Undergrad: 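Questions regarding the structure given below will be posed in turn.
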Amino acid sequence: MKDPFSLYQRLRDDDPAHWSPRLKAWVLTRYEDVKRVCLDSTMSSDRLRPFFATLPPPEAQRVAELVRYLTLWMVFRDPPEHTRLRRLAAKVFNIRSIHALRPNVEGLTNRLLDSLDGKGEFDFIADFAGPLPALVIIDMLGAPREELARLKRLSDEMALFIGSARDAPEKYARAAAATREMAGIFRELVGARRAAPQRDLLTELVALDDAGDRLSEDELVATCILLLFAGHETTTHHLANGLRALLAFPAELERLRAKPSLAPAAVEELLRYDGPIGAQVRIVQEPHTLHGKSLQARDRVFLIMNAANRDPRAYEDPDRLDLERNGVPHLTFGFGAHICLGFPLARLEGQVALPAVLSRWRHLELAGEPPEWMDSMVLRGMKAMRLRASA
């Protein structure tokens, strides 16, 4: 987990279509293979409903709330269901609405950084990279900021199911309980917006009507849960992984500090170099042959995004951070129809937050023990990141 990149190199070179008995799945690590699968309509993203269908009835009953809401997430649906849900959400969650969030992102960034002034040493994730994207999403949905700690705790419980190791104890029950509680919060908010509309994204989702097509109550709640979970979890790791990469390449850090206008290009390179999405999963629908291997229907496929993003077949000197790199787009947020709906927001938060951190403190360094990494293949991030900072 700490440094998977040498293993990724071995897989790319020696076994680019690798069958893992532990995962009971294929593992793809080359850029072109991962991109091709992202664009392949015969590779299904609907991996939760088949999984839930295999559970024994008592276990299925315990995770009923997970089934109810997570199977409505567009990321786990195929066309035409995915097409419909994404079209409706995109009516509200679009480039225009995200650009309008910049003043709030800037204000929250400065507020959080002000709270760290004079501390000298702090946990960058707990004190900044975690709260910032969560607060942005909470404000978008019109939830009270006082709910931050509660919603973050519930999101962490859901992450046990969505991104954790296979043997995490009681992860299904804990994630189901968290989903039930979070659904209750958003169901109340949806009801409040129906009664008294506000100037927020949730009101727009509730009022959305596309030629008579509307989001159902469960779809509204599921979309809110998805926006909160996906909208802050990955951005937290994007900010922390990005700052850690800059600290490992001091010349690039100083380049961004001296020229904040580099932020858009810098964010893309940081997302490529050590992105927050470790893997996406697909289900084979039709038999494929890849690198001499036979992928059969219903086989699972892990697309290792951070391996593809370091493929020397796609990038020159890929293990070097170069904030002005030109080249093919990274695959961190996927590619094609299933590219992450919220990636422009993650970009915006990185473009605002990272230059602000560098301008706030002249000296930054990792402090304490080496960071402990999350036990996850799907999410790539640290549990904590102690920083020592001074002006």
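Quick caveat: nothing in here was measured; it's all calculated off a predicted structure.
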Undergrad: When clusters are formed by joining ILVMFWY residues with side-chain heavy atoms under 4.5 Å apart, either directly or through shared neighbours, do F302 and Y31 land in the same one?
TA: no
Undergrad: Should we say atom CG of N326 is surrounded by more than 12 heavy atoms from elsewhere, each under 6.0 Å from it?
TA: no
Undergrad: Can you tell me how far the CE atom of M158 sits from the CD atom of E181, to the nearest 0.5 Å?
TA: 12.0 Å
Undergrad: Does the side-chain contact (heavy atoms from CB on, under 4.5 Å) test come out yes or no for F124 and V357, once each step is laid out?
TA: CA-CA 10 Å; F124 182 71; V357 168; 4.0 Å; yes
Undergrad: Any chance you could lay out the side-chain contact (heavy atoms from CB on, under 4.5 Å) test for H99 and L348, step after step, and finish with the verdict?
TA: CA-CA 8 Å; H99 282 173; L348 171 64; 5.8 Å; no
Undergrad: For the residue pair V301 and V281, establish whether any side-chain heavy-atom pair is separated by less than 4.5 Å.
TA: no
Undergrad: Determine, for R36 against D33, whether the closest basic-nitrogen to carboxylate-oxygen distance falls under 4.0 angstrom.
TA: yes
Undergrad: Closer than 3.5 angstrom, by distance alone: can the side chain of R272 be matched with the main-chain N or O of P329 as a donor-acceptor pair?
TA: no
Undergrad: Cation-pi check, R310 to Y8: give yes when NZ or CZ is under 6.0 Å from the six-membered ring centre and within 45° of the ring axis, no otherwise.
TA: no
Undergrad: Are any side-chain N or O atoms of R325 and backbone N or O atoms of R320, one a donor and one an acceptor, separated by less than 3.5 Å?
TA: yes
Undergrad: Below 4.5 Å, heavy atoms only, C-beta onward: do F333 and L271 meet side chain to side chain?
TA: yes
Undergrad: Counting distance only, does the side-chain N/O of N94 pair as donor-acceptor with the main-chain N or O of K91 below 3.5 Å?
TA: yes
Undergrad: Any Lys/Arg nitrogen of R386 or E369 sitting under 4.0 Å from an Asp/Glu carboxylate oxygen of the other?
TA: no
Undergrad: Taking C-beta and beyond as the side chain, do I283 and D46 meet within less than 4.5 Å on heavy atoms?
TA: no
Undergrad: Please test R153 against E157 for salt bridge (charged side-chain N to carboxylate O under 4.0 Å, His left out), starting from the C-alpha separation and ending with a verdict.
TA: CA-CA 6 Å; R153 173 181 60 81; E157 293 286 279; 5.9 Å; no
Undergrad: Taking atom types as modelled, is there a side-chain donor on T332 or N309 under 3.5 Å from an acceptor on the other?
TA: yes
Undergrad: Given salt bridge (charged side-chain N to carboxylate O under 4.0 Å, His left out), test E254 with R257 step by step and report yes or no.
TA: CA-CA 5 Å; E254 291 301 333; R257 175 180 277 146; 2.7 Å; yes
Undergrad: Treating S155 as the side-chain partner and L151 as the backbone partner, does any N or O pair qualify as donor plus acceptor under 3.5 Å?
TA: no
Undergrad: So L243 and L387, side-chain contact (heavy atoms from CB on, under 4.5 Å) or not? Walk me through it.
TA: CA-CA 10 Å; L243 182 58; L387 274 186; 3.6 Å; yes
Undergrad: Could you measure the distance from the CG atom of L148 to the CD1 atom of I137? Nearest 0.5 Å is fine.
TA: 12.0 Å
Undergrad: Can you check salt bridge (charged side-chain N to carboxylate O under 4.0 Å, His left out) on R282 and D78, steps first, answer last?
TA: CA-CA 11 Å; R282 297 289 191 272; D78 294 327; over 6 Å; no
Undergrad: Among the clusters formed by ILVMFWY side chains lying less than 4.5 Å apart, do L228 and L215 turn up in the same one?
TA: yes
Undergrad: Which atoms form the tightest heavy-atom contact between L247 and L364, and what is the distance?
TA: CD2-O, 3.5 Å
Undergrad: Taking R30 for its side chain and R12 for its backbone only, find out whether a donor-acceptor pair lies under 3.5 Å.
TA: yes
Undergrad: Test E268 against R347 for salt bridge (charged side-chain N to carboxylate O under 4.0 Å, His left out), laying out the working first.
TA: CA-CA 8 Å; E268 298 309 304; R347 280 174 167 163; 2.7 Å; yes
Undergrad: When rounded to the nearest 0.5 angstrom, what is the spacing between CG in L201 and SG in C224?
TA: 8.0 Å
Undergrad: Could you check whether any side-chain heavy atom of Q296 comes within less than 4.5 Å of a side-chain heavy atom of P287, counting everything from C-beta outward?
TA: yes
Undergrad: Would a single hydrophobic cluster contain both L290 and L11, if residues Ile, Leu, Val, Met, Phe, Trp and Tyr are joined by side-chain heavy-atom contacts under 4.5 Å?
TA: no
Undergrad: If you compare all heavy atoms of A353 against all heavy atoms of T109, which two are closest, and at what distance to 0.1 Å?
TA: CA-CG2, 4.1 Å
Undergrad: Where the side chain of T203 meets the backbone of Q198, is there a donor-acceptor pair that is under 3.5 Å apart?
TA: yes
Undergrad: Roughly how far apart are T42 OG1 and L295 CG, rounded to 0.5 Å?
TA: 10.0 Å
Undergrad: State, to 0.1 Å, how close S45 and R77 come at their nearest heavy-atom pair, and which atoms those are.
TA: CB-O, 4.1 Å
Undergrad: Please round to the nearest 0.5 Å and tell me the distance separating atom CG of D218 and atom CZ of R187.
TA: 5.0 Å
Undergrad: Give a yes or no on whether the backbone of R380 and the side-chain of W373 come within a donor-acceptor separation of less than 3.5 Å.
TA: no
Undergrad: Using the ring-ring contact (aromatic ring centres under 6.0 Å, His included) rule, take F128 and W361 through it: C-alpha gap first, then chi angles, then the decisive distance, then the call.
TA: CA-CA 14 Å; F128 181 79; W361 293 289; 8.1 Å; no
Undergrad: Any heavy-atom pair between the side chains of H330 and N306 that's under 4.5 Å?
TA: no
Undergrad: With a 4.5 Å cut-off on side-chain heavy-atom distances among I, L, V, M, F, W and Y, is there a chain of contacts connecting L303 to F5?
TA: no
Undergrad: Minimum heavy-atom separation for I138 and P144, please, with both atom names.
TA: CG2-O, 3.7 Å
Undergrad: Decide if atom NZ of K259 counts as having more than 12 heavy atoms of other residues, nucleotides or ligands within a radius under 6.0 Å.
TA: no
Undergrad: Looking at E217 and R194, does any basic side-chain N land under 4.0 Å from a carboxylate oxygen?
TA: yes
Undergrad: If we check side-chain contact (heavy atoms from CB on, under 4.5 Å) with M43, which of these qualifies: H288, H338, Q285, E286?
TA: H288
Undergrad: Tell me the closest heavy-atom pair linking G350 and H238, and the distance in Å.
TA: CA-NE2, 3.6 Å
Undergrad: My understanding is that only one of V190, I225, L208 makes a side-chain contact (heavy atoms from CB on, under 4.5 Å) with L220; could you say which?
TA: V190
Undergrad: Applying the 4.5 Å side-chain criterion to the ILVMFWY set and letting contacts propagate, would V105 and L113 be lumped into a single cluster?
TA: yes
Undergrad: Check whether any side-chain heavy atom of V37 sits under 4.5 Å from a side-chain heavy atom of Q280, and report yes or no.
TA: no
Undergrad: Determine the minimum heavy-atom distance between L141 and F186, stating which atoms define it.
TA: CD1-CE2, 3.7 Å
Undergrad: Any salt bridge between K383 and D375, counting N to O under 4.0 Å?
TA: no
Undergrad: Can you confirm whether R87 is buried at CZ, in the sense that more than 12 heavy atoms of other residues, nucleotides or ligands lie under 6.0 Å from that atom?
TA: yes
Undergrad: May I ask you to decide if H232's main-chain N or O and T235's side chain share a donor-acceptor pair within less than 3.5 Å?
TA: no
Undergrad: Check whether any side-chain N or O of R193 sits under 3.5 Å from a backbone N or O of D200 as a donor-acceptor pair, and report yes or no.
TA: no
Undergrad: Report yes if some heavy atom in the side chain of H18 is under 4.5 Å from a heavy atom in the side chain of T29; otherwise report no.
TA: no
Undergrad: So, taking the atom named CG in L226 and the one named CZ in F76, what distance separates them when rounded to the nearest 0.5 Å?
TA: 8.5 Å
Undergrad: Between V27 and D15, is a side-chain contact (heavy atoms from CB on, under 4.5 Å) present by the stated rule, with each step listed?
TA: CA-CA 9 Å; V27 178; D15 197 5; over 6 Å; no
Undergrad: Please tell me if the side chains of M305 and C38 come closer than 4.5 Å, counting only heavy atoms from C-beta onward.
TA: yes
Undergrad: Near R10 CZ, under 6.0 Å, is it more than 12 heavy atoms from other residues, nucleotides or ligands?
TA: no
